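Every chain is numbered from 1 and lettered A, B, ... according to where its sequence line falls, protein lines coming before strand lines. None of the values given here were measured: they were computed from a predicted structure. FYI, side chains are in, hydrogens and waters are out, and symmetry mates aren't considered; it's all heavy atoms of this structure.
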Amino acid sequence: MSVLIFIDQAEGHVKKASLEALTYGGDLAKQTGTTAEAMVFGTVAEDLTALGRYGISKVHHVSSAALDHFDAQVFANVIAKVVEETKATVVVFSHNQTGKAVAPGVAAAVKAGIVTGAVALPDISNGFVVKKSVFSGKAFANVNISSEIKIISLNPNSYKTVAGKGMAEVIELNVPVPESKIKITAVSKVSGEVPLTEADIVVSGGRGLKGPENWGILEDLAHTLHAATACSRPVADSHWRPHHEHVGQTGVQVAPNLYIALGISGAIQHLAGVNRSKTIVVINKDPEAPFFKAADYGIVGDVFEVVPKLTEEIKKMQAAS
Amino acid sequence: MKILICISKTPDTTSRIAFKDGNTKFEENGVQWIINPYDEWYALVRAIELKEKDPSTVLHLVTVGAADCEPVIRKALALGGDEAYRVNTQSDDSFYIATQIFEVAKQGNYDLIFTGKETIDYNGSSIGGMVAEMLSMPYISLATKFDLNGSTAVVAREIEGGEEVCEVALPVVVSCQKGVAEQRIPNMRGIMSARTKPLKVVEPAAAEALTNITSYELPPVKAGVKLVGADNVAELVRLLHEEAKAI
């Protein structure tokens, strides 16, 4: 058995979610007494040997510039070839946008059982049982994979990145890359902001903020905390905020260290998107808001008064520490 | 134009989640079943809109499940599907389910296959990518907009930290999410006509399940909220810093 981790990179840089997958794969290899190796595609600007700090011994690099643009079909094809080449028996992805697009195709190509949205290392005492998030975060399922090759995609923010010491050997792989059938005509990156699914802290606003013109206090707080901004479904549906900020059962599911909800009542569908957060803070003037039941800390009060004070107090705390 | 839309039944979004038989089975008692919202609101409704633009478009639905899926499939027909296939088997394994859909899809010669981005119960987000690979078709995941320009699909999709627009010649498999379309409610005419639309039951193809659920768990119950006075915001900051170590 050996573990192979897919590293997702953007503009040459390795994503945080991939470092979590690397640490997870490295720990899995230790647990099963085998080695962990990684694969990365396209033009990379980083020193790949340094990825050895996450517990991997080799990085297989397919440098073809054709892989600088993501195409799920092409990536699945190339990954399947690397799996064959390395004789890997467990393949680890991050369950981010790229992983969601490509891991299932690889599973079909190499006939592997797949568990997506994993939150912990497998239990190998009796089979190969992976714990995953189900019912949009309202429960977990333990899933046994019985196929020879196994694929796990790891939920972002559910495994702590640990960098130790070590250098990885970089192996340039010459794998034929099929031609992409997809032509990318426009790319819009949200620049300068923290991507929602990777954020350690998320500040989210609901109807209690009364209108898009009042988002300044939320953004000030988010900026102070280096947090990503999010919103509830009614806010996105009223076009106060873009749809990609909608957190909830039918929107984005997040699992940050800290989720701060401002003026959100906490409908069950919203909670489904945030209940894997480690700490939840709710600020709402309605003491009966259901969100308080799911919160760790709360303030019953007017967001327009409390939030600017909160930002001030955090700045004071940051200046003092 | 022939479009196949993959439909799954899921518990309603407000359902209480509980388990039985030593936490090995989902407690279905009292659960209201709905069409998986991503399959319905986005995939199916967008397909219906495409048919409204080009009435020669044919919409087929496929679901993998037992007879208790039929009310949900009838509702999808009432919204606007032309005919439906139910593969008569039940499984939690995505490889097994994708194989069943692949068998239906390869016989239908579809130009376009739509899925929701995931089901809200198992949250696998795997079926579209697997079916695409099995059919050797390109796969566009997490679409937020979908249009047709002749036989070219123009799709906006979510990528890490942003969005991109891409073009691909049909056939293609697309997983749909918010933005692709808006929720609709079936009208009386649709409901009446759905009763007579063909719903074909097909027996499953031989395939292996590569995974199985051994048990379920509920998350640990929260200790309860610690309330801080609105005039004492500094105390909240202290708690978040010193106790929760979150900031």
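In this structure, chain B has no heavy atom under 4.5 Å from any part of A:V102. Residue contact with chain B, scored on non-hydrogen atoms closer than 4.5 Å, is absent for A:A103. Both the backbone and the side chain of B:Y139 come within contact range of chain A, each with at least one heavy atom under 4.5 Å from a heavy atom of that chain. With a 4.5 angstrom heavy-atom cutoff, A:E198 touches chain B only via side-chain atoms. If you measure heavy-atom distances from B:S141 to chain A, the contacts under 4.5 Å come from the side chain alone. Neither the backbone nor the side chain of A:E305 has a heavy atom closer than 4.5 Å to any heavy atom of chain B. With a 4.5 angstrom heavy-atom cutoff, B:S15 touches chain A only via backbone atoms. Of the atoms belonging to A:A112, it is backbone heavy atoms, and not side-chain ones, that fall under 4.5 Å from chain B. Within the 4.5 angstrom heavy-atom criterion, only side-chain atoms of B:Y38, from C-beta onward, approach chain A. B:E160 touches chain A through backbone and side chain together, each having a heavy atom under 4.5 Å away. When heavy atoms are compared at a cutoff of 4.5 Å, A:D200 does not approach chain B at all. In this structure, chain A has no heavy atom under 4.5 Å from any part of B:A223. Interface remark: A:K132 contributes side-chain atoms only to the contact with chain B (heavy atom separation under 4.5 Å). For a residue to count as touching a neighbouring chain, one of its non-hydrogen atoms must lie under 4.5 Å from one of that chain's; by this rule B:L142 touches chain A with the side chain only. Looking at B:R238, neither its backbone nor its side chain comes within 4.5 Å of chain A, counting heavy atoms on both sides.
A:V282 places none of its side-chain heavy atoms less than 4.5 Å from the side chain of B:V225. Counting only heavy atoms from C-beta outward, the side chains of A:R276 and B:P219 never approach each other to under 4.5 Å. Looking at heavy atoms from C-beta onward, B:E208 lies in side-chain contact with A:K111 at the 4.5 angstrom threshold. With contacts defined as side-chain heavy-atom distances shorter than 4.5 Å, the pair B:M130/A:I114 qualifies. Between B:K178 and A:V252, the closest side-chain pair of non-hydrogen atoms is not below 4.5 Å. For the pair B:I159/A:V187, a side-chain contact is recorded, criterion being any heavy-atom separation below 4.5 Å from C-beta on.
Note that the CD atom of A:Q253 and the CD atom of B:E118 stand 5.0 Å from one another [nearest 0.5 Å]. Put simply, CD1 on A:I260 and CD1 on B:I247 are 7.0 Å apart, with the number rounded to the nearest 0.5 Å.
Remark: side-chain polar atoms of B:T211 are not paired, donor with acceptor, to backbone N or O of A:N144 under 3.5 angstrom. With hydrogens and angles disregarded, a donor-acceptor distance shorter than 3.5 Å links the side chain of A:Q73 to the backbone of B:S136. When atom types are taken as modelled, the side chain of A:T185 and the backbone of B:V165 share a donor-acceptor pair closer than 3.5 angstrom. With hydrogens and angles ignored, the 3.5 Å screen pairs a side-chain donor or acceptor of B:N123 with a backbone N or O of A:F135.
Side-chain atoms of B:T13 and A:Q269 include a donor-acceptor pair closer than 3.5 Å. When only modelled atom types and interatomic distance are considered, B:T214 and A:N142 share no side-chain donor-acceptor pair under 3.5 Å.
Counting heavy-atom pairs closer than 4.5 Å to chain B, the top residue among A:A80, A:G301, A:G105 is A:G105.
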